[in-house]
Amino acid sequence: MYDYRALTENEITVLENNSCWAEDWNRVTVAENFRPNYFHRVMFYGDIQLGNFEKQVEVSKGFVKHSGINNATLRNVTIGDNCLIENISGYINNYTIGNDCYISNVCTMETTEGATYGEGNLISVLNEVGDGNIILFKEINSQFADFMVKHFGNRPLKDAIRRLINEEIERTQPDRGSVGDGVKIVNTKEITNTVIYDGCEISGASRLSDCTISSSPTNTVYIGTGVICENSIISDGSSIINSVKMQDCFVGEACQISNGFTAAQSVFFANSYMSNGEACAAFCGPFSASHHKSSLLIGGRFSFYNAGSATNFSNHAYKLGPMHYGTLERGSKTASGAYLLMPAHIGTFSVLFGKLMYHPDTRDLPFSYLIAYGDTMYLVPGRNLTTSGLYRDIRKWPKRDKRAKDSLKSIVNFDWLSPFSVGEILRGKKILETLRDASGDSVSEYNYHEYVIKNSSLMKGIKYYDIALRIYMGAVLKRHALEKPQSFTGVGNWTDLSGLLLPESEEQRLINDIISGEVETVADVLDRFKEINENYSEYRWAWTYRMICEYYGIEELTPQAAEQVKADYITARRAWIAEIRKDADKEFSQGDIERDVYEDFLAQLDREVDFENQKLYM
């Protein structure tokens with residue numbers, strides 16, 4: 001901040017000779033080295049503070065103009081150093097503008113009474129006509145949002161969270177709209193009650209009203225042509241382009257919203273991509289995607305999800321080829337109660353008349369298919385564990401994280417086998433074994449709820465689940481010293497908070513601490529999520545150690561037992577890779593993929609032996 005001084009008589013004369021005018025020149029103050037030469041046809045109202053205007057500004061690649069203000073009306077405005085502001089057809093009113101900004105061909109920029117900047121906005125997801133269950137604020141991440149939705153019915157917790165968020169907003173909310181350093185705003189009609197952080201570029205937008213745009217020099221936000229954005233927050237590294245219409249939304253880090261997409265009362269987190277379609281009351285967790293004009297995401301929870309056209313949630317079964325989309329969320333469900341899939345694929349889906357159908361009753365048999373023949377629904381348990389598509393996705397999702405390292409607000413754990421998913425696999429395996437033991441292993445079919453499981457499918461399901469369990473145990477053992485866990489935290493059930501895998505006991509501890517006041521601020525809540533994630537390895541070890549002992553029927557994990565785990569791990573991995581290879585061979589024989597894609601995939605499978613040669617434990 002400068003110690004601004006009054007204009008000299010000579011400076012006022014220069015300004016007036018350049019067709020500038022002030023309601024009261026005494027209310028126009030400037031930086032010590034201010035030069036009036038670069039101001040033309042400017043009208044000043046109210047209190048004005050002006051920085052230094054000494055440098056050139058690049059307005060287009062290779063095209064520079066001197067900083068200054070031309071053809072503009074300003075009221076109650078502070079402008080930093082070396083900005084170029086020109087051709088403001090309306091006015092800029094009640095705004096603070098940072099250094100090195102370029103603002104051109106804008107109609108109005110204004111802060112009005114009652115501005116919220118998109119913060120404190122209460123929206124309802126999962127139920128478009130329900131009570132508000134998420135309060136938007138600029139630091140929210142997918143975990144905090146999911147936590148609010150999940151525990152909406154806990155009144156003491158809800159009241160405590162709302163108090164924390166309202167205190168945070170009151171503490172950080174500016175008294176008027178602002179534009180950060182290095183911002184470019186061109187060919188834009190209206191910006192009202194909006195805070196724009198450093199490095200943002202806005203080009204051709206129609207209207208931004210009551211928004212916060214959390215850009216930064218290394219994670220810039222781009223707002224493009226025809227965009228209308230109201231009562232919303234946009235995070236680092238995101239782009240909103242091509243006539244998007246958005247109201248009452250939150251857009252997380254590195255998201256892309258484009259091509260006429262319409263959204264209301266929805267949240268989008270880390271690396272989501274939305275184009276052409278529509279979202280209403282949607283909770284779109286990390287890596288949600290929608291590409292089709294006819295896609296409507298309404299009242300649902302999604303992540304690692306690729307919406308197909310119309311009611312299609314995926315264009316094909318889960319495969320390797322480039323036109324086959326696999327997806328969906330770990331154990332969460334739509335408003336209708338149907339469970340979706342994700343890398344962990346907790347739940348099942350069926351292909352029925354070319355469309356995916358979701359079935360909550362089969363959640364305890366993860367990684368499964370449902371296939372309809374007439375009125376009969378056949379369940380194929382565990383089949384998706386051995387598809388080439390699953391293998392591909394295990395490796396692709398981390399590579400698709402476009403967020404900068406200093407912009408990782410939402411936590412995303414990419415483990416496809418974790419205490420959360422493996423816990424479901426254990427339950428699924430037990431269900432199949434119970435069905436087999438009850439009816440014998442010589443019957444042709446088994447009944448599970450309304451579904452039919454063929455004998456061969458049940459036996460393969462047990463086999464596939466066991467392969468996954470042995471891979472998981474060996475992989476975890478690689479990452480830990482052969483010693484008893486130091487803590488029992490993690491030994492119970494696990495859950496998923498939109499990307500954060502955690503013990504249910506830790507989630508309950510956070511609930512208790514918020515209600516009791518032990519957790520006092522929004523930052524404390526976010527730090528707790530980080531702390532849980534940082535301790536994930538130890539929590540996982542406590543859970544896995546007990547699982548290994550129960551699986552092998554031992555009291556403690558000895559070096560001899562660890563060698564058995566290692567041997568079973570290698571055998572299971574080889575069996576898993578062999579099944580995936582068979583699935584890829586089948587796809588290629590059916591003409592679904594090109595030869596070079598097929599051969600590259602096989603070469604990748606051949607390199608899997610490298611994992612077997614790694615040291616098993618420390």
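Owing to the predicted nature of the structure, the values given are computational and were not obtained by experimental measurement. Just so you know, residue 1 is the first one in the sequence shown, and it goes up from there.
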Looking only at heavy atoms, which two atoms of Cys255 and Ala270 are closest? And how far apart?
SG-N, 4.0 Å

Does any pair with a residue in residues 79-135 pass ring pair (Phe, Tyr, Trp, His ring centres under 6.0 Å), and if so which ones, sequence neighbours excluded?
none

Using ring-ring contact (aromatic ring centres under 6.0 Å, His included) as the criterion, point out the one residue from Phe414, Tyr305, Phe304 that pairs with Trp397.
Phe304

For Lys245, is there an ion pair with Glu230 - N to carboxylate O distance below 4.0 angstrom?
no

Could you report the tightest heavy-atom contact between Cys249 and Phe268, atom names first, then the distance?
SG-CE1, 4.3 Å

Across all chains, not counting sequence neighbours, the salt bridge (charged side-chain N to carboxylate O under 4.0 Å, His left out) partners of Asp47 are Arg27

Please enumerate all residues that pass salt bridge (charged side-chain N to carboxylate O under 4.0 Å, His left out) together with Glu520, with sequence neighbours excluded.
none

Measure from the ring center of Phe53 to the ring center of His66 and say whether it is less than 6.0 Å.
no

Tell me whether Lys55 is salt-bridged to Asp100, with the criterion being a basic N under 4.0 Å from an acidic carboxylate O.
no

Residues Asp513 and Arg528 bridged, charged N to O under 4.0 Å:
yes

Side chain to side chain contact (heavy atoms under 4.5 Å, CB included) against Ser89, all qualifying residues, sequence neighbours excluded
Cys107

Can you list everything that forms a side chain to side chain contact (heavy atoms under 4.5 Å, CB included) with Asp406? Sequence neighbours excluded, please.
Thr218, Asn219, Ala404

Just jot down the salt bridge (charged side-chain N to carboxylate O under 4.0 Å, His left out) partners of Arg75, sequence neighbours excluded, or say none.
none

Minimal non-hydrogen separation, Cys83 against Val57, with atom names
C-CG2, 4.5 Å

